[in-house]
Asks: 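This is the structure, below, for whatever I ask next.
Everything numeric in this text was worked out from a predicted model, so none of it was measured.
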Amino acid sequence: MLVLLASNFAWAGGYQVGLHGQRNAGMGLIGTSLNNDASAAFYNPGALAAIPFQYSFLGGASAIRGITHYHMAKPSIYQATTDNPLGTPFYLYASARVLENLSAGLAVNTPYGNSLAWEEGWVGRFLIQEITMRAITIQPTLSYRITPALSVGAGFVIANGSVDLTRKLPVQDDSSEGELNINGSTTNYGFNAGILFVPIDGLNIGLSYRSRIQMELTDARADFSVPMSLESNFPAENRVSTSLPLPSNLDLGLSYHGSENLLLGMSLNYVFWSQYESLDFDFAQNTPALPDSENPRAYSDKLIVRLGAEYKVAENFLVRAGTYYDPSPVNENYFSPETPSLNNLALTTGLSFMPFTDFSIDLSFVYIMGMEKDVRYEPENFGGTYKSRVYIPGIGISYQF
Amino acid sequence: MRYLRDKNKFNRMKTRLFLIVSALWIMAGCDPEIEGYKPTSGDADFSVYVALGNSITAGYADAELFKSGQMVSYANIIAKQMLHAGGGEFKQPLMRDEYGFGGRIKLGMATDCIGNTGLGGVFFGESPEAGNFSNIYAEEGPFHNMGVPGAQVSHLLLPGYSMLNPYYSRFASSSTARIIDDATALNPTFFSLWIGNNDVLGYASSGGMSGSITPPEQFEIYYNLIVNQLLSETSKGILANIPDITSIPFFNTIPARGLVLMNPDEITSLNDHYSSQGLHHINFQMGVNGFVVSDPSAPQGIRQLASYELMLVTLPQDSLKCAGWGSTKPIPMQYYLSELQVKEIREAIKAYNSIIGNAAAENNIALADVNHLLTEAKSGMIFDGIHFNTQYVTGGLFSLDGVHLSPRGNAVVANYFIDVINEHYGAGIPKVSVTQYQGIIFP
């Protein structure tokens, strides 16, 4: 089930995915200060003990349709677009108040991923043709309410990541070009901790920190397909080791019940992208034509600003809207078409409808504008202008009592 | 009451929501668009572009002129890109097939004298069509690509040159025609001229055993006559200069000190072999040694090469491996260039390039400094993820004959010309991506 759901996406900065709850998605993906439901296990474990239910269960998924457009560096008239497979991030959350002030929860979701397929034969194919990477995290969580105004929590994060990337090699026989496919998976660990403070009734302040998880891929497959006469230079069933950080995040959130029916919220997400310095491939078998490769990425830390609001139209019907600005962490001289992450401005909307008591159907729609930018990947002398649009409808259900 | 109000509100909301969701889905159908580049001709007029030159301009590669090679001549690539900036038709005297006159080579597996099988140049095979040898001017001419394999600077001005050159006889307007007149007969609005390579190459590629170097004083006279006749048609064009021979795989693949000896017994026996004949200037050490070559000016007509001398790629490898060439037997003179010959060649190229540079400057014509481009390429160049250098086969710029460009090499040169033309004439001819052209084909 998980495996079927877990196809992939990357539409926050870099390869971080912000879709971890349809309520949150509707409100600009805020969540750090919210204590509405068990999604707190992910957004802020400190808020989990403060949710107003004995039990809370949530599940949902989104469908990401993202298109990136490329225009070769001028003067040129060449353009290309991606033909990405539909990404489907998902989440499952459960929490229970096991003691009066102690809650236990479990979060299963997909905080990182990237799925990109450039058109066949495109000019950047020697950098990247296709990539699918994803991380599914499973996070058992405990949260304790110290006072009615203050609760804390922490979770242990088990991250299972996998990558499958294909790039063309500039060697050819009379029928086809060479190709390298790398694929493998790994499991690594981290933690997630947070605090929720409610200084006055109606005002929530949340602070959370998710640790960096270094996805260490060792002994992954590196399959080469090259002209017969070059096979000794590119051993067909080679192995490769590489490593990719899932960066740490420090989030501060504020939310305020302006009236009985209106909730306003914001959050500041500081993502430690500078942890992504380079993407290196260490091949098990090297040849003069196949040395290990070091590919600088030189990302920078970024602050994402999010605003959101929820309005209760009726007891069983809520609407939401939000926006956020997610600046690109990518260095403009090391902008690789494998993760064409632009400065993103997003508009979000959503609603919840409760057909029965305790049961809610949650819908959201996120529209992301990746702003046009002239960039280049200097080490391979590959530049151009990129622009993207992403459309993400999502659906979820929650059951809480 | 409260319930009813809520219900009305709810219905209104449902309608609105339906509209919003519909709008979002319509939006979802829109792809991001980047405003396209608008090519322009600037101060130039590319409507009739004529390319003059030698085999490189013609699209010769892999030791032959053949159809698919002509299609990716740098001149044809430029002409196709000019189409976006007001350019017109660009006719080439295409061969009928992939065999040309039958000399084409390809990479294949060959077994050497020791019995080792490895990559090497082998004949492309099959016999060419008879149509490749007959004149096609009446049916297809006149031609915009006036590159003629083998042409030297003086040949562009020579009446009846087609009788000396089978490549030109294929498309000359008449048996007494001159290349320059066939070119200007088209009334070009823009021209390119890349000529002069063969004024040293015939000499250089034969180890100085045939051909001669055109004296620079003569080169200057011929070159300026050509340029002036072109300028009588149009003031806009581009001149290209001559790359130094050390940038060309034909001359830089086999090191002059390429005799590697690792066996002490062999070294002793070789040293004894020569000292017993009184040839004390020939001696060998562990590691790399200069090849032993014939040289009438050396004591007893034999000596070893120094590192700055050049061995030609035509050196038969089997003779080297199995017949003792370069160690027990001297390598014949047609396979290397001595220090003096290298100096003569380089000085001639330098003089030609200064003549070409002056012609460009005096007439305010664009200058493609191909010599500079290929000197830079020696230390490596990268375009769109492909790494190039001037090495034989692996360097990617040159075709299998080690002198002429590969399809990707033609694309690199075409882009360079386009940059220079755009800069000089304020034009905006779009460039190509080298990834859209073939590299060396491996078996």
Asks: Around B:H372, counting heavy atoms of other residues, nucleotides and ligands shown, do more than 12 lie under 6.0 Å from its NE2?
Replies: no
Asks: Which of parallel (below 30°), tilted (30 to 60°) and perpendicular (above 60°) describes B:F90 and B:Y49?
Replies: parallel
Asks: I'd like to know which of B:L107, B:D384, B:I34, B:I441 tops the heavy-atom pair count under 4.5 Å against chain A.
Replies: B:I34
Asks: What part of A:I77 gets closer than 4.5 Å to chain B, counting heavy atoms only: side chain, backbone, both or neither?
Replies: both
Asks: Is B:I429 close to chain A through its backbone or its side chain, or both, or neither, when contacts mean heavy atoms under 4.5 Å?
Replies: backbone
Asks: Check each atom of B:V434 against the heavy atoms of chain A and say whether the ones under 4.5 Å are side chain, backbone, both or neither.
Replies: neither
Asks: For B:N422, which atoms come within 4.5 Å of any heavy atom of chain A: side chain, backbone, both, or neither?
Replies: side chain
Asks: Heavy-atom distance under 4.5 Å to chain B: side chain of A:Q79, backbone, both or neither?
Replies: side chain
Asks: Check whether A:M72 gets within reach of chain B through its side chain, its backbone, both or neither, counting any heavy atom under 4.5 Å.
Replies: side chain
Asks: Where on A:Y377 is there a heavy atom nearer than 4.5 Å to chain B: the side chain, the backbone, both, or neither?
Replies: neither
Asks: Backbone N or O of B:S399 within a donor-acceptor pair of the B:S406 side chain at under 3.5 Å?
Replies: no
Asks: For the candidates B:M381, B:Q81, B:R408, B:K106, which exhibits the highest count of non-hydrogen atom pairs separated by less than 4.5 Å from chain A?
Replies: B:R408
Asks: Is the side chain of A:N344 donor-acceptor paired with the backbone N or O of A:I368 at a distance under 3.5 Å, no angle test?
Replies: no
Asks: Any Lys/Arg nitrogen of A:K387 or B:E35 sitting under 4.0 Å from an Asp/Glu carboxylate oxygen of the other?
Replies: no
Asks: Which one, A:Y78, A:W122, A:F126, leads in non-hydrogen pairs under 4.5 Å with chain B?
Replies: A:F126
Asks: One thing to verify: whether B:E98 and B:K67 come together as a salt bridge, which I'm taking to mean a side-chain N less than 4.0 angstrom from a carboxylate O.
Replies: no
Asks: Salt bridge check: are A:R125 and A:E177 linked by an N-O gap of less than 4.0 Å?
Replies: yes
